[in-house]
Number of protein chains: 2
Amino acid sequence: MEPGHSEGTEAPAPHHPGDCRVVGTVLARIGDKWSILVVMTLTDGPRRFNELKRTIGGISQRMLTFTLRGLERDGLVSRTVYPTIPPRVDYELTALGRSLQGPVQALGAWAFSNLDTIQAARTRFDGGKAP
Amino acid sequence: MEPGHSEGTEAPAPHHPGDCRVVGTVLARIGDKWSILVVMTLTDGPRRFNELKRTIGGISQRMLTFTLRGLERDGLVSRTVYPTIPPRVDYELTALGRSLQGPVQALGAWAFSNLDTIQAARTRFDGGKAP
DNA sequence: CGGAATCCTATGCGATACTG
DNA sequence: CAGTATCGCATAGGATTCCG
């Protein structure tokens, strides 16, 4: 099977308010190596394939393709093909995709403001047992 | 190298306000298969190892150990050992860990309220080209 | 009970080459 | 330009066994 993001094939079965697996489902979608980067890059508007590739940097065309397919499949991103020569394809966030930005930015904000604390904790932890 | 969550070893280099890689850093931490489940399970208070294992379900002791180590390393979870027989170990969210719950729950809420939409999009996408 | 060590497989994903 | 196809290695992570 190709990388294409895994399905939640094992029936979830909830267990208490403020669920659990559901979150896992989302993270299985956007928690991979590239999806959020793509989503964030699309924040400023539609982008072409290679434009995304350059902006993100470090991503292979293979993974960009898979990531975009996955996001498109879940309705977070729309794909528009202009049958010109050379071909041109625009990727853009859908309404659903844009609605994801709030939560994602919240997470980003948390990350940003706690980066130092985390780094410190890491150093302390590693220093304490692997000098 | 053991599964232990990957480091952001490749110097990021920011590029514009509302960054990008930083989010990637957090997601590399909590975006893996189990971390959030653990964090969410610890929401209601301290839990013992096997208690976590049972509650989460489907996680191997190996991965639970690695996940907890990672969270502990980053200062999100604290580990308390009671030198009794048999031994007892409690895991609990730290202040930092609890501060992560806001963002995570925002994501959870988004997931929950958009699950149907996403499922529909998936079915439509798959149906359109792989009947 | 809580974990560490070893083994083994599925997979993620980069590199490269080919196509319309 | 925007993909698709194939190869190949590195990693994630489950199962199992052993230990204090």
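Just so it is clear: chains get the letters A, B, ... in the order the sequence lines come, proteins before strands, and each one is counted from 1. Just so you know, these numbers use all the heavy atoms, side chains as well, and skip hydrogens, waters and symmetry mates. Bear in mind that the values here come from a model prediction, so they are computed numbers and not experimental data.
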*Asks:* Closest to the F49(B) side chain: dG13(D), dG3(C), dC1(C)?
*Replies:*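 Within the option list, the nearest is dG3(C).
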*Asks:* Atom CE of M63(A) and atom P of dT4(D): how far apart are they, to the nearest Å?
*Replies:*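 Whole-Å distance recorded here is 13 Å.
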*Asks:* Determine, step by step, whether D90(B) and R88(B) satisfy the side-chain contact (heavy atoms from CB on, under 4.5 Å) criterion, reporting the C-alpha distance in whole Å, the side-chain angles of both residues, the deciding distance to 0.1 Å, and the verdict.
*Replies:* CA-CA 7 Å; D90(B) 274 17; R88(B) 166 187 180 133; 3.2 Å; yes
*Asks:* How many Å lie between CD1 on I56(A) and P on dG14(C), as a whole number?
*Replies:*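 Between P of dG14(C) and CD1 of I56(A): 12 Å.
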*Asks:* Rounding to an integer number of Å, can you tell me how far N50(B) CG sits from dG3(C) P?
*Replies:*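 Atom-to-atom, N50(B) to dG3(C), this comes out as 9 Å.
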*Asks:* Begin with the C-alpha distance, continue with both residues' side-chain angles, and end with the deciding distance and a verdict on side-chain contact (heavy atoms from CB on, under 4.5 Å) for L76(A) and R29(A).
*Replies:* CA-CA 10 Å; L76(A) 296 169; R29(A) 162 106 299 293; 4.1 Å; yes
*Asks:* Select one nucleotide: of dG14(D), dG3(D), dC1(C), the one nearest the side-chain heavy atoms of R69(A).
*Replies:*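 It is dG3(D).
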*Asks:* Among the nucleotides dG2(C), dG13(D), dT16(D), which one has an atom lying closest to any side-chain atom of Q61(B)?
*Replies:*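 Nearest to the side chain of Q61(B) among the choices is dT16(D).
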*Asks:* Starting from C1' on dG3(D), measure out to CZ on R62(A) and report it in whole angstrom.
*Replies:*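 The distance from CZ of R62(A) to C1' of dG3(D) comes to 13 Å, rounded to the nearest Å.
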*Asks:* Could you tell me how far apart L64(A) (CG) and dA2(D) (C1') are, to the nearest whole angstrom?
*Replies:*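 Those two atoms, CG and C1', are 10 Å apart.
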*Asks:* Pick the closest DNA chain C nucleotide for D90(B) and for W34(A) by heavy atoms, then say which residue is nearer the 5' end.
*Replies:*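 By nearest-heavy-atom nucleotide position, the 5'-most residue is D90(B).
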*Asks:* Do I85(B) and V81(B) belong to the same hydrophobic cluster, where Ile, Leu, Val, Met, Phe, Trp and Tyr are linked whenever their side-chain heavy atoms lie under 4.5 Å apart, directly or via other members?
*Replies:*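 No.
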*Asks:* Side-chain N or O of K53(A) less than 4.0 angstrom from OP1 or OP2 on dC1(D)?
*Replies:*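 For dC1(D), neither OP1 nor OP2 has a side-chain N or O of K53(A) closer than 4.0 Å.
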*Asks:* Before you tell me yes or no, could you show the steps for L42(A) and L52(A) under side-chain contact (heavy atoms from CB on, under 4.5 Å), namely the whole-Å CA-CA distance, both residues' side-chain angles and the distance that decides it to 0.1 Å?
*Replies:* CA-CA 8 Å; L42(A) 288 175; L52(A) 280 171; 3.9 Å; yes
*Asks:* Do any side-chain nitrogens or oxygens of Y91(A) fall under 4.0 Å of OP1 or OP2 in dG3(D)?
*Replies:*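 Answer is yes, contact under 4.0 Å.
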*Asks:* Any sub-3.5 Å donor-acceptor pair from D32(A)'s side-chain atoms to S35(A)'s backbone N or O?
*Replies:*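 Yes; judged by distance alone, with no hydrogens or angles, the pair exists.
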*Asks:* Measure CG/D32(A) against C1'/dG13(D) and give the value in whole Å, please.
*Replies:*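 Going from D32(A) (CG) to dG13(D) (C1'), I get 17 Å.
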*Asks:* Side chain of R48(B), heavy atoms from C-beta onward: which of dG2(C), dT4(D), dG14(D) has the nearest atom to it?
*Replies:*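 Taking heavy atoms from C-beta onward, the closest nucleotide is dG2(C).
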*Asks:* Rounding to an integer number of Å, can you tell me how far F66(A) CZ sits from dA5(D) P?
*Replies:*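 Distance check: F66(A) CZ to dA5(D) P gives 9 Å.
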*Asks:* In whole Å, I'd like the distance from the NZ atom of K33(B) to the P atom of dT11(D).
*Replies:*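 Result: 19 Å.
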*Asks:* Side chain of P87(A), heavy atoms from C-beta onward: which of dC1(D), dA4(C), dG2(C) has the nearest atom to it?
*Replies:*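 For the P87(A) side chain, the nearest candidate turns out to be dC1(D).
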